[in-house]
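Written below as structure tokens is the structure these notes are about.
All values reported here derive from a predicted model rather than from experimental measurement. Computed over heavy atoms, backbone and side chain alike; hydrogens, waters and symmetry mates excluded.
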Amino acid sequence: MTKRKRRSSATAERWAGSTLTDLGLDDRQQRVFVWSVTAVGVLAIALVLTLVVNALGGGGPAAAPTGASADISGQGLPSSFQSWPSLKEFAPIADRKADAAPLSVQEVFGARTLSAGKTTLRRLTSRLDQACGGAVWGADLADSLAEAGCTQAVRGLYATADGVHLAQYTLFNLSSVASAESLATSLATLYRGSWVQPLGSPRAKFGTYSEASAQVMGHYLGVAWIGRTDGAEPGENDDFVMLGLAVREAERAVFRRVVAVAGVPSDPAQPPGPADTAQPAEDPPSDPGASPASSVTAPPSPSVPPAQ
């Protein structure tokens, strides 16, 4: 190190003694000039090394996707996702042509509270977007919604009274059940880089950990998004199952549409079969005050006297 400094100093002195003297600089001005040039050189080398390291290591963190929420880190993506296909009960609304009336916020999120078991959610805010792309972030998801013929996205944000848990439900109005199921399948991978925009509320925000699920219901796709407001993973006192069931009470709006299109279904006829020897258990009444179901075993026929 000592020899290297002496050689550098000697080189600088020779340069200062020749070129800089010719420029009319005195000894103090020459020392300032040489020090400045040396400092700039060190900074330039450091900058080049930084660029090389970034190029070899793939650069810095990726920029947030276009249209992402203001705070993507910890709030823009669920930690897990699962989906279910449409049930046969939704066959009457498999195509939007049979269910053409547009959705409304009051229809889907008119209830101030949603409950399941001991979990009760209170509505914080809701929103209807006619342009589905405005309800999500990420170009891939926006494109998938356009391909699915999405015309509406209705979102509702709920939270528990203690502010510990929150849930958002989004209902997409798509062209057909095939489009809805295709979108649900795509979300299994899209959710890692594109997702539904969280509704803003000063009382509740999604944290680092959250869970999501989707249910296809005819030409609709319902997306439930649940979590703790502090972003922690669920513990022993967190019933995420009931939390998810509670927010899915918003799906009653879709069931009402099935009834509006197909009418109230009648009770299916029991298939014929041999009478049971044991007394069968009674089915619970379908409505409060209804009489219990009658026994499957038919009563004996009265005897008929022989003809005289």
Point to revise | Among Glu89, Glu107, Glu251, the one residue meeting salt bridge (Lys or Arg N to Asp or Glu O under 4.0 Å) with Arg257 | key: Glu107

Check your understanding: So which of Thr229, Thr119, Asp238, Asp230 actually passes side-chain hydrogen bond (donor to acceptor under 3.5 Å, both in side chains) with His165?
Key -> Asp238

Revision key, fill the gap. Taken in chain and number order and not counting sequence neighbours, the residues that satisfy ring-ring contact (aromatic ring centres under 6.0 Å, His included) with Tyr220 are none

Check your understanding: When you look at CZ of Arg122, are more than 12 heavy atoms from neighbouring residues, nucleotides or ligands closer to it than 6.0 Å?
Key -> no

Practice item. Decide, yes or no, whether a salt bridge links Asp239 with Lys118 under the criterion of side-chain N to carboxylate O below 4.0 Å. Key: no

Exercise for review: Taking side-chain hydrogen bond (donor to acceptor under 3.5 Å, both in side chains) as the test, write out the residues that go with Asp162, two or more places apart.
Suggested key: Thr160

Practice item. Indicate whether the side chain of Trp225 and that of Ser210 have a donor and an acceptor atom separated by less than 3.5 Å. Key: yes

Review point. So, for Thr125 and Gly200, which heavy atoms are closest and what is the spacing to 0.1 Å?
Key: CG2-O, 4.0 Å

Exercise for review: Kindly indicate, with the supporting measurements, whether the criterion side chain to side chain contact (heavy atoms under 4.5 Å, CB included) is fulfilled by Leu243 and Leu121.
Suggested key: CA-CA 8 Å; Leu243 184 62; Leu121 296 168; 3.6 Å; yes

Revision key, fill the gap. Residues Leu77 and Arg192: closest non-hydrogen pair is CD1-O, 3.3 Å

Exercise for review: Mind checking the CG-OG spacing from Leu221 to Ser179? Nearest 0.5 Å is all I need.
Suggested key: 11.0 Å

Review point. Can you name the closest pair of heavy atoms from Ser126 and Val105 and give their distance?
Key: OG-CG1, 3.1 Å

Exercise for review: For a side-chain contact (heavy atoms from CB on, under 4.5 Å) with Glu181, tell me which candidate from Ser176, Pro85, Ser186 qualifies.
Suggested key: Pro85

Check your understanding: Does any N or O in the side chain of Ser175 come within less than 3.5 Å of the main-chain N or O of Ala148, such that one atom is a donor and the other an acceptor?
Key -> yes

Exercise for review: Walk me through it: do Leu128 and Phe109 pass the test side chain to side chain contact (heavy atoms under 4.5 Å, CB included)?
Suggested key: CA-CA 10 Å; Leu128 168 64; Phe109 301 115; over 6 Å; no

**Study point:** N/O donor-acceptor pair under 3.5 Å between Arg123 side chain and Gly110 backbone
**Key:** yes

Check your understanding: Cut-off 3.5 Å, side chains only: do Arg96 and Thr151 have a donor facing an acceptor?
Key -> yes

Revision key, fill the gap. For Phe172 and Val196 the tightest heavy-atom approach is CZ-CG2, 4.2 Å

